[in-house]
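Down below is the structure, laid out as structure tokens.
Remember, predicted model here, so these are calculated numbers, not experimental data.
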Amino acid sequence: MRNTIALAALLFVCPAAQPQPRSAPATLPDGSAKALVEGYCTSCHPARTIMRSAGYDTPEAWKAVSASMVQLTDAEADAIAEYLARHFPEQKERRPTLVEGSVEIEIEEWVVPTLGQRSRDPVEAPDGSIWWTGMWASLVGRLDPLTGGMREYLLPPSARPHSIVPDDEGYIWYTGNSNGTIGKLDPATGEITEYKTESGDPHTMAWHPNGMLYFTAQRAGMLGRLNPETGALTEVHTESRPYGIVVDQEGTVWVAYNGTNKLGALNPETMDVQYYTVPDPGSRVRRLGITSDGMVWYVNSSMGRLGRLNPATGEFKEWDSPSGPWSHPYSLAVINDKIWYNESGMRPDALVRFDPETETFQSWAIPSGVGIIRHVWVTRDGALLIHQSSTNRVGRVTIKDLAN
């Protein structure tokens, strides 16, 4: 079902947040700023999120993090930072194992205008602009990487967009993860067209050369196909918790499963799925990518490994990620047949490069890496777009020599 909504494009300036009353979580220790933490911090996420964070030893570090999440007065920021540094120092065992190498990169990051939105899944539009979703604020944003200028567009409040993809004409398509829609935004007019799904929770999308938009629906356990010309939707049931999705050179749609130890090869015409079972039963896969030789690469998030499937033989091979079994690899991209992914269980979040020819790793710490890179995008000039949801940032990784 198609529904068209006219919405104005808005440039946001984040107002100062106000403490929200709520009962004191039992896990928060006593202290003079406990009430402030309850009001500001746990109004967005539960206290257990603070408890399981890697922490910081200094108030200055905690203050820098909180400044990217919520607007505070100087007195409030100082009090909260002192409290957090005292009770939640750095967990040094969460530091990533960084591997040196010869490849040089540059990481740029931009804080998005509306704090607390959980910015994520940045993409590059045909005009070179960078777009992201603000899932918690039900918006999408546009960044001009040349000037740093940003603009945010409100979506229907119930949308809570999970991912976005641009089309060749510059329209921005998003998954309305909470209102069960695939949405299309016209940046020129602010007009939004919605397509209602059966699954109810569209997750990640990928364009196919046939002009169709394919998507996963994690909670529903479904895969979908949208015809953007007619609005026709086709949805099928699949294995548990389909997550990442990519299209290979032959047009096969590959699906990662976060609820079982499988990868899926979806036939774009029949919507039938051929399954490949990852050998370790505890394996769970979030994202995947394809190299030019047709190999399917994936992150084995639950086991702390990088993996490869040869579709022709069904053979699997895996490598331990540098930071070990608890590193929780998450996003993945292929650039010049090198594999780039992140270790989301580490603090800071680590960006990892793997060379399939030499089977060697190199890794770097993300400057603001207290969040999680959940999805990445390769630009036309070979840069990698990243994000940090917890600190409301989008970023760009420039590789100095793409031949490496």
What I want to find out is whether D78 reaches K63 closely enough, with some N-O distance under 4.0 Å, to be called a salt bridge.
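A salt bridge links D78 with K63.
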Salt bridge check: are R347 and E90 linked by an N-O gap of less than 4.0 Å?
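Here R347 does not pair with E90 in a salt bridge, since their nearest N and O are not under 4.0 Å apart.
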Donor-acceptor pair, [X] side chain versus [Y] backbone, under 3.5 Å?
X    : Y    : value
S323 : T97  : yes
T58  : A61  : yes
S163 : H203 : yes

Residues that [X] engages under side-chain contact (heavy atoms from CB on, under 4.5 Å), provided they are two or more places apart:
X    : result
T260 : E239, Y257, K262
D127 : A125, S129, R142
H328 : R286, S301, Y330, S344

Verdict with reasoning, H387 to R374, per side-chain contact (heavy atoms from CB on, under 4.5 Å):
CA-CA 8 Å; H387 67 90; R374 291 178 168 85; 3.8 Å; yes
Any chance you could measure [X], atom [atom1], to [Y], atom [atom2], to the nearest 0.5 Å?
X    : Y    : atom1 : atom2 : answer
Y195 : L233 : OH    : CG    : 9.0 Å
E169 : D186 : CD    : CG    : 10.0 Å
R118 : W136 : CZ    : CH2   : 4.0 Å
M303 : D280 : CE    : CG    : 3.5 Å
R308 : K317 : CZ    : NZ    : 5.5 Å
H237 : S240 : NE2   : OG    : 13.0 Å

Under the salt bridge (Lys or Arg N to Asp or Glu O under 4.0 Å) rule, collect the residues that match up with [X], sequence neighbours excluded.
X    : result
E318 : R305
D57  : K92
D337 : none
K184 : none

Establish, from distance only, whether the side-chain atoms of [X] and [Y] form a donor-acceptor pair under 3.5 Å.
X    : Y    : result
D355 : T360 : no
W173 : D167 : yes
N392 : S68  : no
W377 : E124 : no
Q274 : N267 : no
D121 : T133 : no
E76  : T73  : yes
N177 : T175 : no
E109 : S368 : yes
Q218 : R241 : yes

Please list all pairs meeting side-chain hydrogen bond (donor to acceptor under 3.5 Å, both in side chains) that have one or both residues in residues 205-216, counting only residues at least two apart or in different chains.
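Only H208-N210, N210-Y214 qualify under side-chain hydrogen bond (donor to acceptor under 3.5 Å, both in side chains).
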Show the numbers, then the answer: is there a side chain to side chain donor-acceptor pair (under 3.5 Å) between S66 and Y40?
CA-CA 10 Å; S66 63; Y40 282 111; over 6 Å; no
Decide if the gap between the ring center of W297 and the ring center of W319 is smaller than 6.0 angstrom.
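Centroid separation for W297 and W319: below 6.0 Å.
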Any side-chain heavy-atom pair from [X] and [Y] closer than 4.5 angstrom?
X    : Y    : answer
T398 : I105 : no
S321 : S327 : yes
V37  : I50  : yes

Under the side chain to side chain contact (heavy atoms under 4.5 Å, CB included) test against N342, which residue among I366, L332, D349, V299 passes?
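By the side chain to side chain contact (heavy atoms under 4.5 Å, CB included) criterion, N342 pairs with just one of I366, L332, D349, V299: D349.
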Check P242, S199, P202 against M222 for a side chain to side chain contact (heavy atoms under 4.5 Å, CB included) and give me the one that passes.
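That would be S199; it is the only one of P242, S199, P202 passing the side chain to side chain contact (heavy atoms under 4.5 Å, CB included) with M222.
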Atom CD of E357 with >12 non-hydrogen neighbours under 6.0 angstrom
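Not more than 12 within 6.0 Å, no.
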Partners of Y174 by side-chain hydrogen bond (donor to acceptor under 3.5 Å, both in side chains), sequence neighbours excluded?
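Once residues adjacent in sequence are excluded, Y174 has no partner under the side-chain hydrogen bond (donor to acceptor under 3.5 Å, both in side chains) criterion.
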Partners passing ring-ring contact (aromatic ring centres under 6.0 Å, His included) against W364 (at least two apart in sequence or in another chain):
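Expected list: W340.
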Partners meeting ring-ring contact (aromatic ring centres under 6.0 Å, His included) with W110 (sequence neighbours left out)
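Per chain and number, W110 pairs via ring-ring contact (aromatic ring centres under 6.0 Å, His included) with no residue.
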Is there any ring pair (Phe, Tyr, Trp, His ring centres under 6.0 Å) pair reaching into residues 83-104, and which pairs are they, with sequence neighbours excluded?
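The answer is Y83-H87.
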Using 30° and 60° as the class boundaries, would you call the ring planes of Y243 and H162 parallel, tilted or perpendicular?
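Rings of Y243 and H162: perpendicular, as their planes differ by over 60°.
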Give me the ring orientation class for Y341 and F361: parallel if the planes are under 30° apart, tilted from 30 to 60°, perpendicular past 60°.
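The rings of Y341 and F361 stand perpendicular, inter-plane angle above 60°.
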Show the numbers, then the answer: is there a salt bridge (Lys or Arg N to Asp or Glu O under 4.0 Å) between R94 and E343?
CA-CA 11 Å; R94 296 280 301 278; E343 295 180 324; over 6 Å; no
